[in-house]
2 protein chains.
Amino acid sequence: MNYYVSLGYSQGVTTTGTARETTTLTGPGAARQHTLRERNLELVARAVFEVPEPLSRAGVAAATGLARATVSTLVDQLVAAGLVRELPAVTGGRAGRPAVPLVPAPRSVVGLGLEVNVDYLGVRVLDLTGDAVAERVVPGAFHDSDPAVVLSRLGDIAREVSDGVAASGMTVAGARLALPGLVDPRTARLEVAPNLGWSSLEPVPLLGLGALDVRVANEAKLAALAELAGGSDVVAPDSFIFVSGDVGIGAAIVVDRELFLGERGWNGEIGHVVVDPSGPRCSCGAFGCLEQYAGKEAMMRAAGLPPDAPLGSLVTLLADADADLPAGRALGSALADFVNLFDVSTIVLGGAYTELLPWLRADVEAVLADRVLAAPFVDLQVRAAQAGPQAALTGGAREVLQVVLADPAAWV
Amino acid sequence: MNYYVSLGYSQGVTTTGTARETTTLTGPGAARQHTLRERNLELVARAVFEVPEPLSRAGVAAATGLARATVSTLVDQLVAAGLVRELPAVTGGRAGRPAVPLVPAPRSVVGLGLEVNVDYLGVRVLDLTGDAVAERVVPGAFHDSDPAVVLSRLGDIAREVSDGVAASGMTVAGARLALPGLVDPRTARLEVAPNLGWSSLEPVPLLGLGALDVRVANEAKLAALAELAGGSDVVAPDSFIFVSGDVGIGAAIVVDRELFLGERGWNGEIGHVVVDPSGPRCSCGAFGCLEQYAGKEAMMRAAGLPPDAPLGSLVTLLADADADLPAGRALGSALADFVNLFDVSTIVLGGAYTELLPWLRADVEAVLADRVLAAPFVDLQVRAAQAGPQAALTGGAREVLQVVLADPAAWV
DNA sequence: CGTAATAGTTCATTCGTACAACAAATGCGG
DNA sequence: CCGCATTTGTTGTACGAATGAACTATTACG
């Protein structure tokens, strides 16, 4: 099943009949003729967008099971809408009329990724081909900042960038704002972001982006979506646990290429999983949370560095000394709980862990092998994240484009 | 989103065209005219089946958004197929032609729930109304038993019961076998069931049930599905964590009334979540697993009872003494991890915990309040299971009927 | 008893896909 | 160099399913 559920918008259908008969049914509503068309349009769009090498109309027909005639009309609509482009017919060494390769149209519809993090603001624009069309990342220090000021500044940058791409004829389909904290994508509320010192606010209006469709999500969740694009040589797994280590530690679960969000999008709080109840007190009030062992500040302190030293200093120190990070066993323990509870066999380590993985891997894998009940029967994989810097920006923009892809009919 | 994904059968569509064009697309395949009908049939069937009081054709039309004419033809098909029955028209105090109430047809199509557990074998048959049409539960001791012998015996009982209901004119739609261990519903393999002493086998053929569609699942998963029926007065939550405590401790996650299974259905292994790394060694080899604090044997031992004493003896002992169970804090700690990782706010305690809840609740709730990061923003609920004894039998049978409901077109 | 109201049915219309025939464009063998 | 097989893409007809409007059936109410 691969229906894409856009962030925070579930599809309950509430129908009200006469006074006596008011009933709510969840799930997709009544299917009409145009529902057929919408679904097949999506099918064709996915075939064009998600296949490694370009397909022809006939190829799409074969891949989808639709009749060639049907595919032709659908493709024509996508081309007319500017979502798909025809490449020159390729007359490659075999008989028959040459096929017209179909590719996602570059620089047509784009998605905006926005992010506020502790040490930067960022905006990134991706088009349907996955290319970064524009980008601005502004370093800063936003610990204990004023959300109104910071978000309005980010909004200014976003508007600037957005106006730029719009001036080149591209359509901005929407934006996703990544925040490091408890965010409910459905209500677009931020409950608390400890490292920003923000709490209980609605970030979207503060951006001042007018009618643009802006949704909010946790930073680790969007970074996980960025992983789905895969690396240059590494193909992305369909299901994985993504752990983003920084001052706080967040995680996301991707199953069958879809984010699992729980009831409110507040899942993946692996930073506060119990590692040792007799351990140090955490900022959350509990004792022995993972963050106290494998948070950035704890790792710095354990290495004899000041807690706010740059990550690079820890890396050079580790590269010289030939010792593993003590955080490895703690991280392994929390990950083992995660895997025992979720049954997802690939773990992608992002944020600070990406660089630190060489000094974590041995301990993490050893503890996983010890503690994961299914370890004898599964090939547990621990990988470094591939998505590059400010992954949440990429993931947010990708999420916007996924919504376009899920309903191309809205764009024809 | 409420598409029902039947246990272990995901719907990847692989289409093979000519030699050059072989492409795989996940998700539902091409939508044709008959797809429309199937989907609307499902919609109508769900409206009839999942609504508290009977709807008329007109009521279904209002609830689904379909035209009355369409609903009429669809309902007629369901009635002809024997899945839906018309009650006598009710001429209740208002003007107009009296409505014909539609209800699930009793004793027409039934589902079989099967279970092997440590202390019993069971078979239960449910019809579309949710009534138990037949049932056999045979006590026994199956610790370290021979799977071939036990499963063949269960198969015999199942065949007997199944033949009985078939003789009364009912159609058996399929069966689900619940097992206490690591089971992959997709491959129908049991990897290991520690408390039965079983490992690495394919249970379905050993039942000897011939062509009947039998699928396999973990006991806690199916028991969780039983919870969805709700209690006599309590309405079931749409999303919850179900924890089944016994010798081992298993759990299941239900989100939007659907089981979350992870990659292989091996999730929910909360019994081996870390409570205290300096704690006692677990049967799994690791240290300080929840099972060592809140497994049935550990709880018995902590209360000064023999580990294999019946649960009732612990209950009477607790009822006399006015003390909480020490397991409460450990259980709370593991549940806090679960909630932090999943973001599901309702916890249903099943198995032995159902009866023990009064002596667990205070500690569980206190630890949850301490350790769950989102606790200040959510109303965390801890409830006792409602589904009654051998819940997995009920859940398994329900699961079969859900598959019928998801594709009534197959029965018309 | 007539009228309003509600449930259910009948039928022409509309829309989207399938199938088959056809047109277009190429490679290849003689 | 030409005819033929081959593959792509298009055109036109047929079919299936939902719709809305009109119609029938059955009740309550004044």
Side-chain angles (χ1 to χ4, degrees), chain A residues 17-21 28-44 48 54-80 84 86-102 409 412, chain B residues 17-21 28-44 48 54-80 84 86-102 409 412:
Chain A
T18 62
R20 291 177 302 97
E21 334 250 27
R32 334 262 154 118
Q33 298 282 91
H34 67 87
T35 314
L36 266 193
R37 168 127 306 186
E38 284 159 22
R39 236 166 46 71
N40 285 336
L41 248 191
E42 175 186 349
L43 196 67
V44 169
V48 172
L55 290 174
S56 64
R57 286 171 171 79
V60 171
T64 57
L66 290 164
R68 285 212 312 275
T70 310
V71 169
S72 257
T73 54
L74 295 173
V75 165
D76 288 349
Q77 291 191 37
L78 292 175
V79 170
V84 167
E86 296 179 304
L87 294 184
V90 55
T91 157
R94 71 177 205 293
R97 175 173 172 175
V100 178
L102 303 167
V412 304
Chain B
T18 63
R20 291 173 305 99
E21 333 249 30
R32 334 262 157 120
Q33 299 282 91
H34 66 87
T35 314
L36 265 194
R37 167 122 314 181
E38 284 159 20
R39 228 153 70 59
N40 285 337
L41 249 190
E42 176 186 348
L43 197 66
V44 168
V48 172
L55 289 175
S56 64
R57 287 171 170 79
V60 172
T64 57
L66 289 165
R68 285 213 312 274
T70 312
V71 170
S72 258
T73 53
L74 294 173
V75 166
D76 289 348
Q77 290 191 37
L78 292 175
V79 170
V84 167
E86 296 178 304
L87 294 183
V90 53
T91 157
R94 71 178 204 293
R97 176 172 169 175
V100 178
L102 303 167
V412 305

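Quick note on labels: first sequence line is chain A, next is B, and so on, each numbered from 1.
Nucleic acid contact for A:Ala31: sugar-phosphate only, since backbone atoms but no base atoms lie under 4.0 Å from a heavy atom of the residue. B:Ala69 comes within 4.0 angstrom of a base, heavy atoms only. Residue contacts for B:Val100: at a heavy-atom cut-off of 4.0 Å it reaches the sugar-phosphate backbone alone, with no base atom in range. Backbone-only contact: B:Arg32 has heavy atoms under 4.0 Å from sugar-phosphate atoms and none from a base.
Taking side-chain N and O atoms only, B:Arg57 has a distance below 4.0 Å to OP1 or OP2 of C:dT9. The shortest distance between the side-chain N/O atoms of A:Asn40 and the OP1/OP2 oxygens of C:dT17 is below 4.0 Å. Using a 4.0 Å cut-off, no side-chain N or O of B:Ser56 falls inside it from OP1 or OP2 of C:dT6. At least one side-chain nitrogen or oxygen of B:Thr70 sits closer than 4.0 Å to the OP1 or OP2 atom of D:dT19. Dashed line: the shortest gap from a side-chain N or O of B:Ser72 to OP1 or OP2 of C:dG8 is not under 4.0 Å. Not one side-chain nitrogen or oxygen of A:Thr73 sits closer than 4.0 Å to the OP1 or OP2 atom of C:dG16. Within the 4.0 Å cut-off from OP1 or OP2 of D:dA18, at least one side-chain nitrogen or oxygen of B:Arg37 is found.
Summarising the geometry, the separation between CD on B:Glu86 and P on C:dA7 is reported as 15 Å, rounded to the nearest angstrom. Put simply, CD on A:Glu38 is 14 Å from P on C:dC15, counting in whole angstrom units. The separation between B:Arg94 atom CZ and C:dA5 atom C1' is 9 Å, rounded to whole Å. At whole-Å resolution of the value, CG in B:Asp76 and C1' in D:dA17 are 15 Å apart. B:Arg97 has its CZ atom 10 Å from the P atom of C:dA7, to the nearest Å. Regarding B:Leu36, its CG atom lies at a distance of 10 Å from the C1' atom of C:dT17, rounded to whole Å. Between the CZ atom of B:Arg68 and the C1' atom of D:dA17 there is a distance of 18 Å, given to the nearest Å. Atom CG of A:Leu41 is separated from atom C1' of C:dC15 by 14 Å (rounded to the nearest Å).
Shortest non-hydrogen contact noted between A:Pro54 and A:Pro101 is CB-CB, 3.8 Å.
In this structure the side chain of B:Arg57 reaches within 4.5 angstrom of the side chain of B:Asp76, judged on heavy atoms. The side-chain heavy atoms of B:Val44 and B:Gln77, taken from C-beta on, include no pair separated by under 4.5 Å.
In terms of position along DNA chain C, the nucleotide closest to B:Pro98 lies nearer the 5' end than the nucleotide closest to the other residue of the pair B:Pro98 and A:Leu74.
Taken from CG in A:Leu36 to CG in A:Leu41, the straight-line distance is 11.5 Å, to the nearest 0.5 Å. Separating the CG atom in B:Leu78 from the CD atom in B:Glu42 is a distance of 11.0 Å, to the nearest 0.5 Å.
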